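Working notes, beginning with the structure itself.
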Amino acid sequence: MATELEELVGFLSSPSAPVKKAAVEIVRDLTGSEDGLLSLSKYASTVLPSLSQLLKEKKEVSEPAAEALINLSLNSNLAAKMVEMGMIKTAMDVLYKPDSSITRLLVMLLVNLTQLDSGIVSLLQIEDEKMQGLFVMKLVRSFGRSSDETRDDPFDHVGSILVNISKKEAGRKMLLDSKRGLLKQILRQFDSTSPLRKKGVSGTLRNCCFEAENQLQNFLLISEFLWPALLLPVAGKKIYSEQDTSKMPLELGSALSIEREPWDDPEIRVEALESIYLIIVQEAGLRALWSVNGPRILQVGYEDEEDPKVMEAYERVGSLLVHGCGTEEPSNETSK
């Protein structure tokens, strides 16, 4: 005889809209507790495909279904099963339907699924030569287009997806491919008012900088976006003199010659400094930093800095400026 839970899971596929709605709401509530998650995980082979199908329904059903999947995907075993059954393609298909009403939730689901290597491979579409990179291009385009002026920006979590995929070499290479121009689009968001976006841009750029040895030219091709993203967070609060700004490109000089909002998040400042380190370990990268008066910016920023971890990161970069070679690279662990 079927248990109550089995019956409940069965109702997710009911032809009756009210029954389906009631069932998915109960399942969603169950996923909010450890016990509920554990119980439902025993029926994963039924509950996951059923919830996946419900993502295509009207908002009153698709919203609790997406919330349930987000909670279930926090369990790495269940997340792996979701990836295996094609959940990333389903989420992307629903996300880009013209009438999609659960955009933010689907993006959050993709954040969780790309915590797994298999999820990253699936999102990059590595195994499909013709479609490879299409999902990532769509997400980057949406990240660039949606405005953080709205209080509830549905695409701001894309930054976290980009951090996840840039932990893997294949993801970094895709983002750095100059023909796709993805990193340039991402860097345009570095001065967003959304802390989540700023963290996403900073973490993605820092991860990509682990490719600087082989891809330095692709970084320097987008210098007008690269140096502001790296140097403005670590430039301190001071208004720079004309003598300083005259030796900088316009995009840096104009920003530093006026009052500006400080970059409060020390993690972003550390990531910017680690990125700079990885670029200037290369001789051409070091020359490029000097060409934008970067050492002066770092000097002023260091004088303003109070956080010990950030000061340490400044000092590591400073050692390269003084000696022309590094002693200790930043940890090669990519951003979390």
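Values reported hereafter were calculated over all heavy atoms of this structure, with side chains retained and with hydrogens, waters and symmetry mates removed. Quantities reported herein were computed from a predicted structural model and do not represent experimental measurements. Counting from 1, the numbers follow the sequence of the chain as shown.
The two residues L123 and F135 make their nearest non-hydrogen contact at O-CB, 3.5 Å. Contact record, T204 with S166: CA-OG, 3.7 Å, taken as the closest heavy-atom pair. Of all heavy-atom pairs spanning V24 and K21, the tightest one is CG1-O, 3.3 Å. Minimum heavy-atom separation, W290 to L321: NE1-CD2, 4.2 Å.
No donor-acceptor pair closer than 3.5 Å links the side chain of R28 to the backbone N or O of A23. Of the possible donor and acceptor atoms, none in the side chain of R206 sits under 3.5 Å from a partner among the backbone N and O of A272. A donor-acceptor contact shorter than 3.5 Å links the side chain of N207 to the backbone of V163. For R104 (side chain) and D153 (main-chain N/O), a donor-acceptor pair under 3.5 Å exists by modelled atom type. E6 places a side-chain N or O within donor-acceptor distance of the main-chain N or O of T3, the cut-off being under 3.5 Å. With S52 contributing its side chain and L48 its backbone, the two residues share no donor-acceptor pair below 3.5 Å. Put simply, the side chain of Y96 gets close to the backbone of K138: a donor and an acceptor are under 3.5 Å apart. One N or O on the side chain of R197 and one on the backbone of F143 form a donor-acceptor pair closer than 3.5 Å. At least one donor-acceptor pair closer than 3.5 Å links the side chain of T114 to the backbone N or O of L110. For N293 (side chain) and M248 (main-chain N/O), no donor-acceptor pair under 3.5 Å exists by modelled atom type.
Side-chain contact of N218 with Q215: a donor-acceptor pair under 3.5 Å is present, judged by distance alone. Side-chain polar atoms of R188 and Q185 form no donor-acceptor pair below 3.5 angstrom.
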Derivation and outcome, side-chain contact (heavy atoms from CB on, under 4.5 Å), residues L139 and L95
CA-CA 10 Å; L139 288 170; L95 184 59; 3.9 Å; yes
For a salt bridge (charged side-chain N to carboxylate O under 4.0 Å, His left out) check, start with the C-alpha distance between E305 and R269, then their side-chain angles and the critical distance, and finish with the verdict.
CA-CA 10 Å; E305 189 56 62; R269 299 200 297 281; 2.9 Å; yes
Which donor-acceptor pairs under 3.5 Å do the side chains of residues 75-93 make with protein atoms, sequence neighbours left out?
unit_1 : atom_1 : unit_2 : atom_2 : d
N75    : OD1    : N77    : N      : 2.8
N75    : OD1    : L78    : N      : 3.0
K89    : NZ     : D93    : OD2    : 2.7
T90    : OG1    : G86    : O      : 3.2

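The residues E267 and K309 are annotated as not salt-bridged, no charged nitrogen and carboxylate oxygen being separated by less than 4.0 angstrom. Taking a cutoff of 4.0 Å between a charged side-chain nitrogen and a carboxylate oxygen, D117 and K168 qualify as a salt bridge. Ion pair D265/K199 flagged as a salt bridge, since at least one NZ, NE, NH1 or NH2 atom sits closer than 4.0 Å to an Asp/Glu carboxylate oxygen.
If you take CZ on F190 and CG on L226, they are separated by 10.5 Å, rounding to the nearest 0.5 Å. Separation of atoms OG (S14) and CD (E7) is listed at 12.0 Å; rounding is to 0.5 Å. Interatomic distance, Q189 CD to L196 CG, rounded to the nearest 0.5 Å: 12.0 Å. Expressed to the nearest 0.5 Å, how far NZ of K237 lies from CD of E261 amounts to 12.0 Å.
Using a 4.5 Å heavy-atom threshold, the side chains of L72 and L51 count as touching. When side chains are defined from C-beta on, L289 counts as touching W227, because their heavy atoms get closer than 4.5 Å. The side-chain heavy atoms of L54 and K20, taken from C-beta on, include a pair separated by under 4.5 Å. Between I276 and V234, some side-chain heavy-atom pair lies under the 4.5 Å cut-off. L232 has its side chain out of reach of D191: every pair of non-hydrogen atoms, C-beta onward, lies at least 4.5 Å apart. Taking 4.5 Å as the limit, some side-chain heavy atom of E211 sits within range of a side-chain heavy atom of E169.
No more than 12 heavy-atom neighbours from other residues, nucleotides or ligands sit within 6.0 angstrom of CD on E259. Applying the 6.0 Å contact sphere to CD of E213 captures no more than 12 heavy atoms from other residues, nucleotides or ligands. In this structure, E315 places its CD atom where more than 12 heavy-atom neighbours from other residues, nucleotides or ligands lie under 6.0 Å away.
Clustering of Ile, Leu, Val, Met, Phe, Trp and Tyr side chains at separations under 4.5 Å places L134 together with M131.
Placement of L298 and V281 within a single hydrophobic cluster is found when ILVMFWY residues are connected by side-chain heavy-atom separations under 4.5 Å, directly or transitively. Hydrophobic clustering (side-chain heavy atoms under 4.5 Å, transitive across Ile, Leu, Val, Met, Phe, Trp, Tyr) keeps F11 apart from L40. Placement of L187 and L221 in two distinct hydrophobic clusters is found when ILVMFWY residues are connected by side-chain heavy-atom separations under 4.5 Å, directly or transitively.
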